[in-house]
Amino acid sequence: MSRRPPEPVQVVKQRRDAALRALVEGIPYVRFLNISFERHGDELTSVLGYHEALIGNPALPALHGGVTAAFLETAALIELGWQMIWEEIESGALDPASLTPETMPRMPKTIDFTIDYLRTGLPRDAYARARVNRSGRRYASVHVEAWQDNRTRPFAQGTGHFLMPLPDG
Amino acid sequence: MSDQPSRRDLARQFIEALPHCRALSMAVEDVGDGEAVMSMPYRENLVGDPSTGVIHGGAVSALMDTCGGTAVMAHPAGPTSTATLDLRIDYMRAATPGKAVTARAVCYHVTRSVAFVRAVAHDGDPEDPVATATGAFTLSGIRS
């Protein structure tokens, strides 16, 4: 009865970070908005790195509502895609080293998305975390909250419904 | 709708100076009473799915949000400022790669403090929409 020793920390990190990179790196619009992702275990935080092109109203100044919408939708979609591949990455069914944007499993598609604007988006970095409330074989419902200075004072929240990709589809 | 070039020109000047609208090359096509038409050209850096070249839903959202706000500002009630309270976007289908997206928004009702908006986005045929949206916007500067 010998137990397998735990994997070295570098091996675990490398595998998970490679999978996350494959998931997000190939998306031009994510790069254009300057969205990156921080990972702690399986928990993702989306980070919207501030730059001038994100401003909607220069008089305030404030983030464009469309930027906020795109940020929330991206955070929700990546969280869903991440949960979709996590098991396969961890079990070894999917090898992150062989994953490229071209060979990635198909991503879910947005059916609808509702954004609640709670406060003005300030001209600085923003963060978002998404929670998959339900993920069935065909449909998923995801809630996401975004904040800037205080985690407990979100400036926007959103809920979206997503169509899951068909197996091998 | 095109009988008020001055208002259209003003809206164009205002919208097209907003940094994010410039970054997405949004253009004001037409402005009428509580109504606006805006377009956004196809660009590689707006792509959300590199395997198909389809633009990201977020870029369509940004266009519909801006177009909705422009429709509110163009309402005869004469608001001096507006901001999005909430916006729901329904995605009917993927926008065709290579084609510009055009949005038409109508501000169909206003109270002293809230404006209600509907918008449709298409990529050539208004009868075959890419997405629709409904939203509530704040409204200020209305004399009661």
Side-chain angles (χ1 to χ4, degrees), chain A residues 25-35 51-78 100-121 123 156-163, chain B residues 14-15 17-26 38 40 42-70 72-73 80-94 103 130-138:
Chain A
E25 246 177 16
I27 309 174
Y29 190 63
V30 170
R31 214 176 313 133
F32 169 69
L33 288 181
N34 193 22
I35 300 175
H51 55 116
E52 209 250 341
L54 302 183
I55 288 293
N57 184 336
L60 286 172
L63 294 181
H64 193 288
V67 169
T68 303
F71 178 49
L72 292 185
E73 191 186 324
T74 301
L77 202 55
I78 295 296
T100 65
E102 288 74 36
T103 62
M104 275 301 290
R106 304 286 302 162
M107 287 291 282
K109 287 197 175 93
T110 314
I111 300 169
D112 61 59
F113 201 79
T114 307
I115 310 111
D116 234 337
Y117 294 94
L118 305 171
R119 292 183 176 80
T120 300
Q157 61 181 356
T159 305
H161 294 94
F162 299 87
L163 187 64
Chain B
F14 178 74
I15 296 298
L18 305 181
H20 192 62
C21 301
R22 289 170 66 120
L24 296 183
S25 306
M26 287 184 199
M38 292 185 65
M40 180 177 71
Y42 180 85
R43 277 217 323 252
E44 298 287 335
N45 60 4
L46 303 185
V47 168
D49 182 353
S51 65
T52 58
V54 171
I55 66 166
H56 196 282
V60 179
S61 305
L63 178 68
M64 302 238 267
D65 181 57
T66 310
C67 196
T70 308
V72 173
M73 291 305 285
T80 54
S81 77
T82 185
T84 321
L85 269 178
D86 83 354
L87 190 70
R88 174 191 162 122
I89 299 133
D90 292 316
Y91 296 100
M92 260 95 267
R93 62 176 180 86
V130 165
T132 60
T134 50
F137 287 72
T138 66

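Residue numbers start from 1 in every chain, and the chains themselves are labelled A, B, ... in the order their sequence lines are given, proteins ahead of strands.
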Can a salt bridge be assigned to the pair B:R88 and B:D86 using a cut-off of 4.0 Å between side-chain N and carboxylate O?
no
Hey, which of B:L18, B:L87, B:T132 has the most heavy atom pairs under 4.5 Å with chain A?
B:L87
Side chains of A:T110 and A:H161 only: does a donor on one sit below 3.5 Å from an acceptor on the other?
no
Is the shortest side-chain heavy-atom distance between B:R43 and B:S25 below 4.5 Å?
yes
Using atom types as modelled and distance alone, determine if a side-chain donor or acceptor of B:S61 lies under 3.5 Å from a backbone N or O of A:A70.
no
Answer with side chain, backbone, both or neither: which region of A:L33 has an atom nearer than 4.5 Å to a non-hydrogen atom of chain B?
side chain
Is the shortest heavy-atom distance from the side chain of B:F137 to the side chain of B:L85 under 4.5 Å?
no
Region of A:E73 in contact with chain B, defined by heavy-atom distances below 4.5 Å
side chain
Based on non-hydrogen pairs under 4.5 Å, which of B:H56, B:R22, B:M92 is most in contact with chain A?
B:H56
Of the listed B:G58, B:P19, B:A83, B:A62, the one with the largest count of heavy-atom pairs under 4.5 Å with chain A is B:P19
Taking side chain as everything from C-beta outward and backbone as N, CA, C, O, which of these in A:A53 sits under 4.5 Å from a heavy atom of chain B? Side chain, backbone, both or neither.
both
Under a 3.5 Å distance rule, please check whether B:T82 uses its side chain to pair with a backbone N or O of B:T138 as donor and acceptor.
yes
Using non-hydrogen atoms and a 4.5 Å limit, figure out which bit of B:S81 sits close to chain A: side chain, backbone, both or neither.
neither
Partner chain A: residue of B:V60, B:T84, B:I15, B:T134 with the largest heavy-atom pair count (under 4.5 Å)
B:T84
Chain B interface, residue from A:I115, A:L118, A:I27 that has the most non-hydrogen pairs under 4.5 Å
A:I115
Heavy-atom pairs under 4.5 Å with chain A - which of B:A94, B:A59, B:C21 has more of them than the others?
B:A59
Show your reasoning for whether side-chain hydrogen bond (donor to acceptor under 3.5 Å, both in side chains) applies to B:E44 and A:Y29.
CA-CA 8 Å; B:E44 298 287 335; A:Y29 190 63; over 6 Å; no
